[in-house]
Amino acid sequence: MADTLTITDNRTGKTYEVPIADGTIRATDLRQIRAGADDGGLATYDPAFMNTAACRSRITFIDGERGILEYRGYPIEQLAEKSTYLETAYLVIFGELPTEAQLQQWTREITFHTMLHENIKKLMDGYQYDAHPMGAFLSTVGAFSTFYPDAKKIFDEKSRLKQVHRLIAKVPTIAAYAYRHSIGRPYVYPDNDLSFTGNFLNMLFKMTELKYQPNPVLERALDVLFILHADHEQNCSTSAMRSIGSSHADPYSAMAGAAAALYGPLHGGANEAVLRMLNEIGSVANVPAFIKRVKGGEGRLMGFGHRVYKSYDPRAKIIKQTADQVFEVTGKNPLLEIALELERIALQDDYFVTRKLYPNVDFYSGLIYQAMSFPVDMFPVLFAIPRTSGWIAQWEEMLLDPEQKIARPKQIYTGAKRRDYVALASRK
Ligand code: ACO
């Protein structure tokens, strides 16, 4: 017997059979049920998409109860241990791990596209001297659509691939230029002898030395952090990417919107909030009093809890190991002791245990970035660079999905009933 849901409408006594597939019913199947006298049928109301699947996707699997995250079926733990960011980006976008020849070709293409058009420098020079690097990043990504008008050919596979190469390759350069501009230092051109993350560190931190040599431990740590942030299925910025892309805008315009969504403190800004919280707590001795305040409803333990993960965020576990390696090079971030004590107490406290609140990806990432000399303003940009691969993969999947159309949610109208225009002189 097929899986169906039987709905009885108590108003009419009628029953309806609605098919269940993949743990969902189709919202449009509810239209056959009348909602009122003159309506288009019953609809669902789901602000913030708390319980609505808007697409089918083959990219990322998350099981929040069991703390599982997989890209294209590969566990995040294995990718973080064995893969590189560039290889993972290939996997996320194309669906399979590359062969050796494919990886070589992919790396060559990405390396060849790292330079920015010189006019981009002029554009970035126009930002205020203290421009936030994320604001500069997202508007420069948007400006790319004017530099690459061929990107409009979104149904031309070759053109799409070209934009994929450009986007993955150029986002670190845009990010580094945005950073250098914000601190008044000259831009550093890409060094194609270096790895993806090695070159990024070069463009950020090179001073007067002739050749920048990235520290291999920090280079690898950044690569691991990039792997962890490559995709996270239908989050706020990815939904923005799909939604804008559904109007057939070019990928640069769509990605500017996705990056804008990531700019928000509820999405890309949580690790900054963790650092602020740790600074406010100030010392390990103050941790119990802080936890007491949180339990009393005064603020939240930032970096704890997640909409999807109701157990330890698998990315947080990996980040904690990475933090140890980074601190061996940079020296311990003095805030680490406070973070460890917070975690120790919270994980055995009934308040956090019963609510299934565990450390999320942001609990330790800010501490690592700070130890690596990244200013807090750069944190959302460091998130946007690797998430570019996820945004592109999700955008392309949406474009090629025959079930997808321009995104257009319904609303429940709660405004005024029809009324007649009142002349200005007669208004009170
Ligand atoms: N500290 C203290 N209490 C918390 C926390 C927290 N960090 N998170 C949730 N709670 C409590 C809530 O007060 C609520 O308690 P109640 O049932 O007594 O009212 C309960 O746990 C459930 O919380 P919700 O807000 O309903 O959970 P939701 O899934 O909507 O929120 C969120 C998830 C936003 C991540 C939340 O846990 C939070 O604010 N965490 C801190 C901010 C943070 O770290 N954000 C980064 C998320 S990861 C990312 O975006 C990349």
Side-chain angles (χ1 to χ4, degrees), residues 47-51 62-69 76 132 134 225 228-229 232-233 235-237 261-324 326-327 332-372 374-380 382-383:
F49 303 109
M50 295 284 288
N51 195 30
I62 300 177
D63 180 335
E65 288 296 328
R66 291 191 291 152
I68 294 173
L69 169 62
I76 192 69
H132 193 292
M134 190 60 176
L225 284 158
L228 300 184
H229 287 90
H232 212 231
E233 51 121 303
N235 52 81
C236 177
S237 58
L262 188 65
Y263 198 176
L266 294 186
H267 191 3
N271 48 11
E272 180 183 343
V274 172
L275 279 191
R276 228 181 299 118
M277 172 190 76
L278 295 176
N279 273 315
E280 270 166 36
I281 296 173
S283 79
V284 170
N286 296 335
V287 168
F290 178 79
I291 296 263
K292 201 169 160 203
R293 283 210 304 279
V294 169
K295 285 163 61 177
E298 281 180 58
R300 290 198 161 188
L301 176 48
M302 297 313 289
F304 259 67
H306 196 279
R307 173 62 61 76
V308 180
Y309 293 117
K310 299 304 171 198
S311 65
Y312 214 102
D313 180 339
R315 300 167 300 173
K317 269 191 204 145
I318 301 166
I319 284 194
K320 214 174 155 185
Q321 292 160 10
T322 307
D324 291 336
V326 168
F327 296 150
K332 242 188 208 158
N333 187 324
L335 299 175
L336 177 69
E337 295 300 333
I338 304 173
L340 288 170
E341 182 64 1
L342 272 176
E343 181 182 343
R344 193 186 66 78
I345 297 188
L347 289 184
Q348 56 192 14
D349 190 300
D350 236 29
Y351 175 96
F352 297 92
V353 173
T354 52
R355 289 171 178 78
K356 299 186 175 174
L357 301 171
Y358 295 88
N360 60 48
V361 69
D362 291 315
F363 194 63
Y364 287 105
S365 64
L367 288 175
I368 302 184
Y369 290 144
Q370 195 179 51
M372 289 174 77
F374 288 109
V376 166
D377 279 358
M378 276 298 282
F379 291 2
L382 292 167
F383 195 155

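Please read all numbers here as calculations on a predicted model, not as lab measurements. Just so it is clear, the values below take in all heavy atoms, side chains as well, and ignore hydrogens, waters and symmetry mates.
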Step-by-step side chain to side chain contact (heavy atoms under 4.5 Å, CB included) determination, E65 to K356: CA-CA 9 Å; E65 288 296 328; K356 299 186 175 174; 3.4 Å; yes
Ring center gap for H306 and Y312 short of 6.0 angstrom: no
Heavy-atom side-chain contact between Y309 and R315 under 4.5 Å: yes
Contact check, side chains of M134 and D377, non-hydrogen atoms, under 4.5 Å: no
Sub-4.5 Å side-chain heavy-atom contact between I319 and I368: yes
Worked check of side chain to side chain contact (heavy atoms under 4.5 Å, CB included) between E337 and K332: CA-CA 9 Å; E337 295 300 333; K332 242 188 208 158; 3.4 Å; yes
Pair Y263 and H132, ring centroids less than 6.0 Å apart: yes
Distance in Å, R276 CZ paired with E272 CD, rounded so as to fall on 0.5 Å steps: 5.0 Å
Steps toward side chain to side chain contact (heavy atoms under 4.5 Å, CB included) verdict (I62, H232): CA-CA 8 Å; I62 300 177; H232 212 231; 3.5 Å; yes
Test item: D362 side-chain N/O and A270 main-chain N/O as donor-acceptor pair under 3.5 Å: no
Salt bridge (charged side-chain N to carboxylate O under 4.0 Å, His left out) between K292 and E298, intermediate numbers included: CA-CA 9 Å; K292 201 169 160 203; E298 281 180 58; over 6 Å; no
Separation between CG of N271 and CE of M302, rounded to the nearest 0.5 Å: 10.0 Å
T322 and D324 side chains, donor-acceptor separation under 3.5 Å: no
Flag side-chain contact, heavy atom, 4.5 Å: F374 against L382: yes
Distance, nearest 0.5 Å, that separates CG of D349 from CZ of R344: 11.0 Å
Backbone of L367 reached by a side-chain donor or acceptor of N333 within 3.5 Å: yes
Contact check, side chains of L335 and M277, non-hydrogen atoms, under 4.5 Å: no
Sidechain-backbone polar pair: N51 side chain, F49 backbone, donor-acceptor under 3.5 Å: no
Check: E343/Y364 side-chain N/O donor and acceptor closer than 3.5 Å: yes
Check against side chain to side chain contact (heavy atoms under 4.5 Å, CB included), I291 and F352: CA-CA 10 Å; I291 296 263; F352 297 92; 4.0 Å; yes
Donor-acceptor pair, side chain of H267 and main chain of A261, under 3.5 angstrom: no
Aromatic contact, F363 with F304 (centres under 6.0 Å): yes
Neighbour count above 12 (heavy atom, 6.0 Å) for Y351 OH: yes
L278 side, atom CG; L336 side, atom CG - distance, nearest 0.5 Å: 9.0 Å
Heavy-atom side-chain proximity of L275 to Y369 below 4.5 angstrom: no
Atom pair OG (S311) and CZ (R66), whose distance is rounded to the nearest 0.5 Å: 9.5 Å
Any side-chain heavy-atom pair of L342 and P359 under 4.5 Å: no
Distance (rounded to the nearest 0.5 Å) between E341 CD and S283 OG: 10.0 Å
With R307 via salt bridge (Lys or Arg N to Asp or Glu O under 4.0 Å) - residues at least two apart: none
Donor-acceptor under 3.5 Å (N286 side chain, I281 main chain): yes
